[in-house]
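Let me begin by presenting the structure, written as structure tokens, before commenting on it.
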Amino acid sequence: MSPTAESVVGTVPQETTPTETVDTSKGDPAAGKEVFAASGCGGCHTYGPAGSSAAIGPDLDTALQGKTPDFVLESIVDPNKEVAQGFQANIMPSTFGESLSDKQLADLVAFLTQGS
């Protein structure tokens, strides 16, 4: 018979994903517009509020209609999870979850969902 612990001291660290740590309700759309510009989003996406008209990625004016903030966040941090019809996987960088802070992500989501 192998020994078993009678009690456990401490906790085991749990990995969290950015979608679990970002409170999208606390985002600032004005700051999110700056994140959109600084992160180069307009180089690939059309989005009227940003004044961008690129066509490498989906047109965000239509692709984000009716989408929840959680969906938008997931699309930013895990862009290959659900790829828009007519577009290929692995085009959008999958590093925004690491390169942007939780605040920047919340702001960006607020900017992208301000009309939803």
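For the numbers below, each heavy atom of this structure counts, side chains included, while hydrogens, waters and symmetry mates do not. All figures in this text were calculated on a predicted structure; none of them were measured in a lab.
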Only one of Leu108, Leu112, Leu105 forms a side chain to side chain contact (heavy atoms under 4.5 Å, CB included) with Leu73, so which one is it? Leu105
Checking side chain to side chain contact (heavy atoms under 4.5 Å, CB included) between Tyr47 and each of Pro58, Ser52, Cys41, which is the one that passes?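 Looking at Pro58, Ser52, Cys41, the match for Tyr47 under the side chain to side chain contact (heavy atoms under 4.5 Å, CB included) is Ser52.
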Carefully, step by step, assess Ile56 and Ile91 under the rule side chain to side chain contact (heavy atoms under 4.5 Å, CB included). CA-CA 9 Å; Ile56 294 169; Ile91 299 297; 4.0 Å; yes
Name each donor-acceptor pair under 3.5 Å that joins a side chain in residues 27-39 to protein atoms two or more places apart or in another chain, with its distance.
residue: Asp28; atom: OD1; partner: Ala30; partner atom: N; Å: 3.1
residue: Lys33; atom: NZ; partner: Pro49; partner atom: O; Å: 3.3
residue: Ser39; atom: OG; partner: Val35; partner atom: O; Å: 2.9

Donor-acceptor pair, distance only, cut-off 3.5 Å: does the side chain of [X] make one with the backbone of [Y]?
X	Y	value
Asn80	Asn90	yes
Thr95	Glu98	no
Thr46	Ala54	yes

Could you walk me through whether His45 and Met92 pass the side chain to side chain contact (heavy atoms under 4.5 Å, CB included) test, one step at a time? CA-CA 10 Å; His45 295 282; Met92 182 168 162; 4.3 Å; yes
Evaluate the side-chain hydrogen bond (donor to acceptor under 3.5 Å, both in side chains) criterion for residues Asp70 and Thr68: first the C-alpha distance (whole Å), next the side-chain angles of each, then the deciding distance (0.1 Å), finally the verdict. CA-CA 5 Å; Asp70 288 339; Thr68 66; 5.4 Å; no
Between CZ of Phe96 and CG of Asp78, what distance do you get to the nearest 0.5 Å? 13.0 Å
Distance, nearest 0.5 Å, that separates CD1 of Ile76 from CD of Gln104: 11.5 Å
State, with a plain yes or no, whether a side-chain heavy atom of Leu64 is found less than 4.5 Å away from one of Thr113. no
Minimal non-hydrogen separation, Lys103 against Lys26, with atom names: NZ-O, 3.9 Å
